[in-house]
Asker: 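What follows is a structure written as structure tokens; I'll ask about it next.
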Number of protein chains: 2
Amino acid sequence: MTVTLADVAARAQVSPATVSRVLNGNYPVAAATRERVLRAVDELDYVLNGPASSLAAAASDLVGILVNDIADPFFGIMAGAVQSEIGGPGGRAGGERLAVVCNTGGSPERELTYLTLLQRQRAAAVVITGGAVEDAEHAAALTAKLQRLTDAGTRVVLCGRPPAPETGAVALSFDNRGGGRALTEHLLALGHRRIGYIAGPEERTTTRHRLEGHRDALADTGLPRGAELTLHGPYDRATGHAATVELLRREPALTAIVAANDTVALGACAALREAGRRIPDDVSVAGFDDLPFSVDAVPALTTVRLPLAEAAARAGRIAMGREQEPPGGTATIHGELVVRGSTGKA
Amino acid sequence: MTVTLADVAARAQVSPATVSRVLNGNYPVAAATRERVLRAVDELDYVLNGPASSLAAAASDLVGILVNDIADPFFGIMAGAVQSEIGGPGGRAGGERLAVVCNTGGSPERELTYLTLLQRQRAAAVVITGGAVEDAEHAAALTAKLQRLTDAGTRVVLCGRPPAPETGAVALSFDNRGGGRALTEHLLALGHRRIGYIAGPEERTTTRHRLEGHRDALADTGLPRGAELTLHGPYDRATGHAATVELLRREPALTAIVAANDTVALGACAALREAGRRIPDDVSVAGFDDLPFSVDAVPALTTVRLPLAEAAARAGRIAMGREQEPPGGTATIHGELVVRGSTGKA
DNA sequence: CTGTTAGCGCATTCAC
DNA sequence: GTGAATGCGCTAACAG
């Protein structure tokens, strides 16, 4: 029914092995022979059977990219950057790798499921983006899974999450703590003393680190840590909106709000406008990540720029073995405070 | 080295065939035996070999999702929705399918490459999102490729692009033309007569249809089609910004701008503000898609809401065979005009 | 540089 | 309900 490598071999009057060698290009073949084979491939419209190839070679060209939420530009940008480094030539068969993005939805279970699926496919590499869930049980399961993946020869790179010691996984982590600190220091320097904080979902590394940076800055100034002015929620505008309403209720004299990320900050801005508060005259707002739309917000958002695309591209290159791992298998990537119109004097 | 099905069989004291049957669940097995096998799987930490399984079964659990730009929320939302319908149980082995998102970057070549890669993997289904490039040569190649995929038993669903006749692919297309028309009619009704149009990239179905809708509306009113007030560019804010500057140069008396999508509209708004034009008092602005951030723009964007998530979810279900195909294999999905603060009287 | 041989790990006939 | 045998399509040693 379907055309196989043997059919191509017959048509080109060579052995199957030769066809395989031509296709994989990892072996010397006479130019004339190669020509003949390629012509036969073309004429028969032959497409290599991936599963068979992977089975025989005990390796595949699949590269997995795990993201928490594919609809969030934060992850979209990283996924695109990783993929652009991977899609090119360099694979075993035909010089093409299949870079696949898997959407975990932030669920630890789905994260593990996808890793199993990738393990099952004998993926060449896996890049895991975004923060991790801080649950002891899940952490243990994840560690074990990563261990097994690296043992099986799959290269694992974490991008935007803390290192996973003892697993053989490379980690490029963001300095969320430093960024959070810089943001709050900026607000403190502007004279703000009553600062609301809208944190990300609980039990996640990213959330915790950004929040810790915020509290570190407050502590340095001798201010109370302001736990009562901290709310948690998903990284979406609805969270920013609802949390802002609640913060204003708890502390009407609020002069600044720091949001978990830019999307949340946008929701906060909307709620403030609805409440009749001017930004930044009445209340300053700051985000995190510097997503593309942030510069177009009105007023433009003060935020911490994370080099998402650059970091992800690097993760992709490391996953492909085209760039050396950082010393110790770990590197920290720093953000940059970007001051715009949404923050002003208290 | 790695644990195989035979190892599991030995440990459970059954034949490899029985283990296979337990794992695939497509065959009656005594409860006690199943228990024993599952325990052995657990104890040995066995993971099915995907390539071997796919080779033997001549089918795989891979489902591909093609997107033009994964960093664009338009595609992120659709990809997430498709994936949520696919990730669940229902696959052959272990009840899990691997839904993979492939980023074509809008390049026809990469689109074909990814399709070949998925064909090579014997993908169970493929969902292609977003508009198509309107190039005769590419169209022919694509048609042939889709034909071959469907012939090989891969279900192909197009979501957000026109039908591909004779290929066996199901199409859920957006009524971009109707949406574009509604938007411009809205502006005309507000009294606007000098309307700039910032279109998407040239040679794409989505771009053309939205633009045609715009021109249809103009023609109905007896206005010139305003080709000289139409500019093209990628779906990003930079395009919106640059095009607006140029439009204002060509026609300072402009009172409205229609953008290819919301992201472009945001860039247009930024340029207008920089030029000292108030929105909508001096110039009205409209977008397309109703992406999540559009409601938070200042002023909030008038746009055409496309039910991206719903449509993509439906495409996913059809790809999985969990929902019947629309009659004739084709359905048109209509957008909805959403009037907000960014448009007003001329 | 090319052909021959022997599996890769599993699903699926058939028997029992 | 279960076991034994066969082959999926390809790659990777070996020879030559």
Side-chain angles (χ1 to χ4, degrees), chain A residues 1-38 40-41 44-62 91-94 119-122 124 152-153, chain B residues 1-38 40-41 44-61 91-95 119-122 124 152-153:
Chain A
M1 200 63 232
T2 64
V3 181
T4 75
L5 184 140
D7 298 330
V8 176
R11 184 165 183 94
Q13 295 178 308
V14 294
S15 73
T18 299
V19 177
S20 171
R21 294 195 265 250
V22 169
L23 262 30
N24 290 306
N26 304 325
Y27 220 83
V29 176
T33 315
R34 190 208 321 286
E35 272 313 309
R36 212 143 28 94
V37 169
L38 290 178
V41 166
L44 294 176
D45 217 13
Y46 169 70
V47 174
L48 186 68
N49 184 315
S53 167
S54 296
L55 173 58
S60 91
D61 281 330
L62 218 63
R92 279 179 27 264
Q119 182 184 5
R120 179 181 292 177
Q121 298 297 331
R122 306 305 191 247
Chain B
M1 199 62 230
T2 64
V3 182
T4 76
L5 185 142
D7 299 329
V8 175
R11 184 164 183 95
Q13 294 179 308
V14 295
S15 73
T18 300
V19 177
S20 171
R21 293 195 263 251
V22 169
L23 261 32
N24 290 305
N26 303 326
Y27 218 85
V29 176
T33 315
R34 187 206 325 287
E35 273 313 309
R36 212 144 28 92
V37 169
L38 291 178
V41 165
L44 294 176
D45 217 13
Y46 170 69
V47 173
L48 186 69
N49 183 313
S53 169
S54 296
L55 174 58
S60 92
D61 282 330
R92 277 178 31 261
Q119 182 184 5
R120 179 181 291 178
Q121 298 296 331
R122 305 305 190 248

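We use all heavy atoms of the structure for the numbers below, so side chains are in, but hydrogens, waters and symmetry mates are not. So you know, we letter chains A, B, ... as the sequences are listed, proteins then strands, and number each from 1.
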Asker: OP1 or OP2 of C:dG9 less than 4.0 angstrom from a side-chain nitrogen or oxygen of B:Ser53, does that happen here?
Answerer: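 Answer is no, no contact under 4.0 Å.
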Asker: Let me know, please, whether B:Leu55 or B:Arg36 comes out on the 5' side of the other along DNA chain D by nearest nucleotide.
Answerer: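 First, find each residue's nearest nucleotide; the 5'-ward one identifies B:Arg36.
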Asker: So, is B:Ser54 near the phosphate of D:dC8, with a side-chain N or O under 4.0 Å from OP1 or OP2?
Answerer: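 For D:dC8, OP1/OP2 do not have a side-chain N/O of B:Ser54 under 4.0 Å.
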Asker: So which nucleotide from D:dT2, D:dC8, D:dT11 ends up closest to the side chain of B:Ala56?
Answerer: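 The closest nucleotide is D:dC8.
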Asker: Hey, does A:Val19 reach any base, or is it just sugar-phosphate, or nothing, if we go heavy atoms under 4.0 Å?
Answerer: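 Touches nothing.
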Asker: Please name all residues satisfying side-chain contact (heavy atoms from CB on, under 4.5 Å) with B:Leu38, sequence neighbours left out, ordered by chain then number.
Answerer: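 side-chain contact (heavy atoms from CB on, under 4.5 Å) list for B:Leu38, sorted by chain: B:Val22, B:Arg34.
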Asker: Strictly by salt bridge (Lys or Arg N to Asp or Glu O under 4.0 Å), give each pair with a member in residues 9-27 of chain A just once, sequence neighbours left out.
Answerer: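 Listed once each, the pairs are A:Arg11-A:Glu43.
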Asker: Quick check: do B:Val37 and B:Val29 have side-chain heavy atoms less than 4.5 Å from each other?
Answerer: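 Contact flag for B:Val37/B:Val29 side chains = no.
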Asker: Is there a donor and acceptor pair closer than 3.5 Å between the side chain of A:Arg122 and the base of C:dG9?
Answerer: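 No.
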Asker: When you measure from the side chain of B:Asn49, which nucleotide among C:dG9, D:dG3, C:dT4 comes out closest?
Answerer: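 Of C:dG9, D:dG3, C:dT4, C:dG9 is nearest to the side chain of B:Asn49.
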Asker: Check every strand shown and say whether A:Ala30 touches a base, only sugar-phosphate, or nothing at a heavy-atom separation below 4.0 Å.
Answerer: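 Sugar-phosphate contact only - A:Ala30 comes under 4.0 Å of backbone atoms but never of a base.
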Asker: With a 4.0 Å limit, can you tell me whether B:Thr33 has a side-chain N or O closer than that to the phosphate oxygens OP1/OP2 of D:dT2?
Answerer: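 Yes, because at least one side-chain N or O of B:Thr33 sits under 4.0 Å from OP1 or OP2 of D:dT2.
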